[in-house]
> 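My structure is below; once you've seen it, I'll send some questions.
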2 protein chains.
Amino acid sequence: MGIDELDGRLLELLAEEPRIGVLEASRRLGVARGTAQARLDRLRTKGVIRGFGPDVDPAALGYPVTAFATLEIKQGQGADVRAHLAGVPEVLELHTITGQGDMLVRLVARSNADLQRVIDRVVGFDGIMRASTAIVMENPVPLRVVPLVRQAAGDL
Amino acid sequence: MGIDELDGRLLELLAEEPRIGVLEASRRLGVARGTAQARLDRLRTKGVIRGFGPDVDPAALGYPVTAFATLEIKQGQGADVRAHLAGVPEVLELHTITGQGDMLVRLVARSNADLQRVIDRVVGFDGIMRASTAIVMENPVPLRVVPLVRQAAGDL
DNA sequence: TATCCACTGGACAACCTGCACACCGCACGG
DNA sequence: CCGTGCGGTGTGCAGGTTGTCCAGTGGATA
């Protein structure tokens, strides 16, 4: 069920240079191509690798503003709220959470002014009672997994 | 600077079936291969597509617990805190934000118990004054961009 | 010891990529 | 009205890569 050291190096390699194919990867890992291929297949079927989707930058799409909103939901309205939020394109991610607030939403907008519109659209729904928003100023650590992979591969 | 309808369809296609190559994509889009290739190149150089990194699932790596922590930082300690957090493998993402709290951290752990260890490590640093954590229970909308791409492509 | 499993090295055809070239239609400015 | 630039279309080619299969090897296990 775990990930061994070879898997770890393979994942790192792919994370850093996704363009390289199985053959090139096997060369750099110093193993036979069939091995690299088998490892990759296994990682995919095990679900460790979900896919190789293109990494799209919302900023380059014209949505340079990112924000996180914490929502408070009326009891029993969860499902409706989820459906509503899923219908808003600017909602990139939605989690239900413990603690103060019931949901955490990641959203983007074209500008700070546009963020107001997005928030209005997000909270303009019956089941949502309160929302508090935090605008992202900087992103010193963009979403990453390599360090985690390294750790997971370390402890066999 | 924008994204036209063809770009949008190309991105959607790649997002849904990353395995297909340029040739197959061009066939499905009903355009010449050279066109698809040129579009893809342009999207890459414009920064819309950052890359094709493997989409790794932390849960499958043995880290099924996700949480968000809001940190309060001592004035002037920002840089040190950033460096400290960047050194923690379980920290997947770090944002500096406005509003209550100064930073938002996304972290993972092997279990709820393990989360305690991770949080201790995260907040066990001099510049950090307070931390409030929200554990993710469900993730009804995983990180997505397709709807946004569609919208960006819609308004030419 | 027999068996299972992963890895190796090699081979094959089919396919895709990167690149180049000639040509066409359109928009724009002179 | 014409030249130019840009993006798209077809086409072609060499080289690399993929998917797949096979036989052989070594280690771990029952």
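Because only heavy atoms are used, hydrogens play no part in the values below, and waters and symmetry mates are left out as well, while side chains stay in. Naming convention: chains lettered A, B, ... in sequence-line order (proteins, then strands); numbering from 1 in each chain.
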> Are any of A:R19's side-chain N or O atoms less than 4.0 Å away from OP1 or OP2 of C:dG18?
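The answer is yes; a side-chain N or O of A:R19 sits under 4.0 Å from OP1 or OP2.
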
> Using whole Å, report how far CG of B:D41 lies from P of D:dG7.
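Atom CG in B:D41 sits about 12 Å away from atom P in D:dG7.
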
> Let me check something: do B:I49 and B:V31 share a hydrophobic cluster, defined by ILVMFWY side-chain heavy atoms less than 4.5 Å apart, either directly or through other members?
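B:I49 clusters together with B:V31.
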
> So, applying side chain to side chain contact (heavy atoms under 4.5 Å, CB included) with B:M103, which one of B:L71, B:I128, B:I97 is it?
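Checked B:L71, B:I128, B:I97 against B:M103; only one passes side chain to side chain contact (heavy atoms under 4.5 Å, CB included): B:L71.
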
> In whole angstroms, how far is the C1' atom of D:dT17 from the CG atom of A:L23?
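Whole-Å distance recorded here is 7 Å.
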
> Using the C1' atoms of the five pairs at each end, what is the angle between the end axes of the helix from C:dT1-D:dA30 to C:dG30-D:dC1, to 10°?
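Overall, the helix from C:dT1-D:dA30 to C:dG30-D:dC1 bends by 40° from one end axis to the other.
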
> Should A:L14 and A:L29 be counted in the same cluster of Ile, Leu, Val, Met, Phe, Trp and Tyr side chains packed under 4.5 Å apart?
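A:L14 clusters together with A:L29.
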
> Where each residue is assigned the nucleotide of DNA chain D containing its nearest heavy atom, which of B:A32 and A:V22 is assigned the position nearer the 5′ end?
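In this pair, the answer is B:A32.
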
> Any side-chain donor-acceptor pair under 3.5 Å between A:Q37 and A:D41?
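Result is no, nothing qualifies.
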
> Hey, is the side chain of B:R33 pairing donor to acceptor with the base of D:dG8 inside 3.5 Å?
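Between D:dG8 and B:R33, which were checked side chain against base, a qualifying N/O pair under 3.5 Å is absent.
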
> Could you tell me how far apart B:R44 (CZ) and C:dT17 (P) are, to the nearest whole angstrom?
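Those two atoms, CZ and P, are 12 Å apart.
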
> Is atom CG of A:D120 surrounded by more than 12 heavy atoms (other residues, nucleotides or ligands) closer than 6.0 Å?
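Yes, CG of A:D120 has more than 12 neighbouring heavy atoms, counting only those of other groups under 6.0 Å.
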
> Between C:dC7 atom P and A:R9 atom CZ, what is the distance in whole Å?
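From A:R9 CZ to C:dC7 P: 12 Å.
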
> Using a cut-off of less than 4.0 Å, is there contact between a side-chain N or O of A:Q37 and OP1 or OP2 of D:dT18?
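No, A:Q37 has no side-chain N/O under 4.0 Å of OP1/OP2 on D:dT18.
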
> In whole angstrom, give the distance that lies between atom CG of B:D4 and atom C1' of D:dG8.
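Going from B:D4 (CG) to D:dG8 (C1'), I get 12 Å.
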
> Please answer: with hydrophobic residues joined when any side-chain heavy atoms are less than 4.5 Å apart, are A:L148 and A:L43 in the same cluster?
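Yes, A:L148 and A:L43 fall within the same hydrophobic cluster.
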
> In whole angstrom, what separates A:F52's CZ from D:dT18's P?
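From A:F52 CZ to D:dT18 P: 11 Å.
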
> How close or far is atom P of D:dG8 from atom CG of B:L6, stated in whole angstroms?
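After rounding, the reported distance stands at 7 Å.
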
> Taking B:V123 as the starting point, is it possible to reach B:M129 by hopping between hydrophobic residues whose side chains are less than 4.5 Å apart?
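In one cluster: no.
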
> OP1, OP2 of D:dG8 versus side-chain N and O of B:R39: anything below 4.0 Å?
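Answer yes for this pair, as a side-chain N or O of B:R39 is under 4.0 Å from OP1 or OP2.
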
> Between atom CZ in A:R28 and atom C1' in D:dT17, what is the gap in whole Å?
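Atom CZ in A:R28 sits about 15 Å away from atom C1' in D:dT17.
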
> Go nucleotide by nucleotide along DNA chain D from the 5' end; which of A:G34 and A:R27 gets its closest nucleotide reached first?
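Upstream on the strand: A:R27.
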
